[in-house]
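All remarks here apply to the structure that follows.
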Amino acid sequence: MKNRTLALLLALLVPCISATAQLTTGGLTSRHYPPLLSWINTSELDGAAQSAYRICWYKAGKLVWDSGKVLSEESVLVPYGGPEMESGTLYTWKVRTWDGNGRASKWSGNASYMTGMLDPAGWKAQWIEPAEQSEVSQILHKDFHVSGQVAAATLYITAHGLYEATLNGRKVGDGLLTPGWTSYDNRIQYQTYDVTDMLKKGGNSLGVKLGEGWYNGRLALREYKQFYRHHGMAAFVQLEVRFKDGSTQTICSDGSWTSSESEIRSSSIYDGETIDARFKDDSLTPVVVKDYGTAELIPSISEPVRVQCILPAKKLIVTPKGEKVIDFGQNISGFEIIEYQGREGQEIVVTHAEELDENGNFYTTNMRSAKVTGRYICSGGQDSFRPTFTWYGFRYIKVEGMDEIDLDDFRAAAISSDNDVAGRFSCNDELVNRLQSNIVWSQIDNFVDVPTDCPQRDERLGWTGDAQIFFRTATFNRDVQDFFYKWILDLACETEMHGGRVPDICPDLPGVVGYGRTGWADAITIIPWQHYMAYGDKTILEKAWPAMKAWVDVMQGECSEDGIWDKGWHYGDWLFYSVDNDCEGKSAVTYKPYIQQCFYANSAQIAARAAKVLGLESEAAHYSQVAEKAKSDFCRAFLTPGGYPVSATQTAYALALEFEMVPEEMRPVLASRLAADVRRHGHLTTGFLGTPYLCNALTGYGYTDLAYGLLQYEGLPGWLYQVKMGATTIWERWDSMHPDRTIPDNGMNSFNHYSHGAIGDWLYREAAGIKETSPAFRTFEVAPHPGGRLTQVSASEKTPYGTIEVAWTAEGGSFHLDVTVPVGTEACVRMPSGAVENVASGHHSFTDIMTDR
Ligand code: BGC
């Protein structure tokens, strides 16, 4: 440890007196129904706090609820208290707050809140299907007449498959891949759009284009297989028009609709899309009405998938094989956009790849059976091509069918669920900055309506383990509150359906993978708990509780007489470091029942905590006993009396430490053995389950320099190795590409897999030092850990109360820290010297004098 002399200087920045009111109120959000309302207070003055609020709620500009001045410090998830709302209605609301001295803020700007179908009896539409089901995308049509002055028009719509709706030729909404992927047999999202401005007086035309999507297409390495109850593309559409005179008109999908073929000749998530721009179908065929009911319909929960950015084509490469390849410079999820005038009937074929092989040729082996091919047939006029019902994971495209390639004709659109940026991390080490960028890109690329393992090959599935491993990192980078709320409700529902056995993937595809795998299944406990800690919304615990509890009960019920949960087949510490010819015993195999017992105890511990939050005292006591027993049984079965675990791997130590599996006095002993193992190898050896905890365990027990050693290790296996190899996203394997650029063809190798990116949590939590100590960061610690080659770090995190900012420098013998604490929160600042200071909202600076730095 470095010898430091402490001089802690608390320097409150001089307040800006020009502020007329202490608080400014903005960042309004509303979630659920009835809504829970949140806003963010900011202030130029230190120590500012909210003492009261007033909310006004409007319908069509008319006040329908005024909360009056409510004395309360709360600004997060405040319950709506107005009258019952109406379906399909756009409400607006605003808030103002008072500070501790009774000074009122100005009114915030208006936020909006749109209701869905609140009363299921309001559904009048029928499910309709095109007469013919084929790979060709069909358009369902309805022409209708509107007379009178429209006050409001609301479109509710969903599909079996994917839909794109147009009203009078204009696309409705800017979401992609709607209605999204859920546990379709139980929950199908519908979207609600305010289309008031899209209607016109007189003739109107509604069109709904359908694609196979997740509902109907092939998934999970399979040829086409029916996973869901009602196979076939279908639509459910209800347009409600309200006129100024109070009358209404409803246009519903029913037997009066017609269908025709579209220019999309085929579309498949794995295989790509074929578009024939010449195609015109004037024949209208009657649709078939189906009695599928509305029981599964739920309003959309998360942000839609949207285009995040458009990348220009960076470079044209002619490979040694003569392939014409365009490099977009970044591995993305998305699609190419081609603006081109070709000959009528000219076919352009675009294939997608993440990497070039060691010879510089186009590499698609790792796509496995996914054909990832776009086929575009030119009309002869100016065409604009892009797929509608699929996306690809790629950095490079190979273009065939064009004699000359003009890079200006090509762009790439990166898509993702549109989650707001929450955090930023940067430091003085450019390689670590690129690592952070790669983590964020892998998050963006894989959060396409569900959290997927990878966006390119024939999987793109919601693997529960991967999501669980990466969740904390994800919350730091983006606001994933609604994104995961939706997914956890699917997971909870599917877990309950399987008697507490959590599926390996969610949405589940029956018969594809398994249930109840350690570390994967624990997504049902770990994610709701960490979600609650990040966002403070205890309704996720309420909703997930039956499934959380059921999963812990399954594990407990399967324990052997000695209290050890050793049943079932498990993935274990997936993709851990393993060497061929392991004569030196370096392969880091962690005994699977050891891992199982750790996750069993941890899930029981979480169940106990969740029960406490939910006020379920006796269940809290019960699960806390289950956890304690699981831990003592663990110690008896898996630790020698001298404290050596049966598997002396980094993963084994990290899990035992982070899940507090051993008595307190033994933890430093295990930590020193972990440290010794890291020194012995000189690098990490962990797989999916150990990686998220490894550096945290080292830092937690005083081995920060070793954690930095791992972070900044540039060889194999390590995070910066891939950065130095030119990665722009996180690889699935530590050795997805060898130093000579050969790519191992092992049947499973993605260059865009976020799991190992779980080090991102350590960057925010330990390097920058931002840690929540109560839900929603209402209280938090700032405990930065300088070390390694880092001399400067700056990070920010947008919490439900506002943005925390941390910046530190460790130079010239002093450690300087600037912290911004949001209004309504308190921070405990822990300097590297050990000095501790509690601070209220505002900007604060601290300095440690370090004699040997
Ligand atoms: C996926 C993973 C997943 C795993 C299960 C793979 O095919 O890509 O990331 O967790 O299977 O072990």
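All values derive from a computational prediction rather than experimental measurement. As the structure lists them, so they are numbered: ligands from 1, and atoms in each ligand from 1.
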Would you kindly say whether Glu354 and Asn366 are connected by a side-chain donor-acceptor distance under 3.5 Å? yes
Within the supplied structure, the quantity of interest is the number of heavy atoms (other residues, nucleotides, ligands) at a distance under 6.0 Å from Arg306 CZ; does it exceed 12? yes
Exercise: do Gln443 and Thr473 side chains pair donor with acceptor under 3.5 Å: no
Salt bridge (charged side-chain N to carboxylate O under 4.0 Å, His left out) partners of Asp458, counting only residues at least two apart: Arg368
Residue by residue, ordered by chain and number, which ones reach under 4.0 Å of ligand 1 with a heavy atom? Asp453, Arg457, Glu459, Trp463, Asp466, Trp520, Tyr571, Trp574, Phe688, Glu732, Met748, His753
Tell me if a side-chain donor or acceptor on Ser333 pairs with a main-chain N or O of Ile415 at a distance below 3.5 Å. no
Check the surroundings of atom OH in Tyr591: do more than 12 heavy atoms from other residues, nucleotides or ligands lie under 6.0 Å from it? no
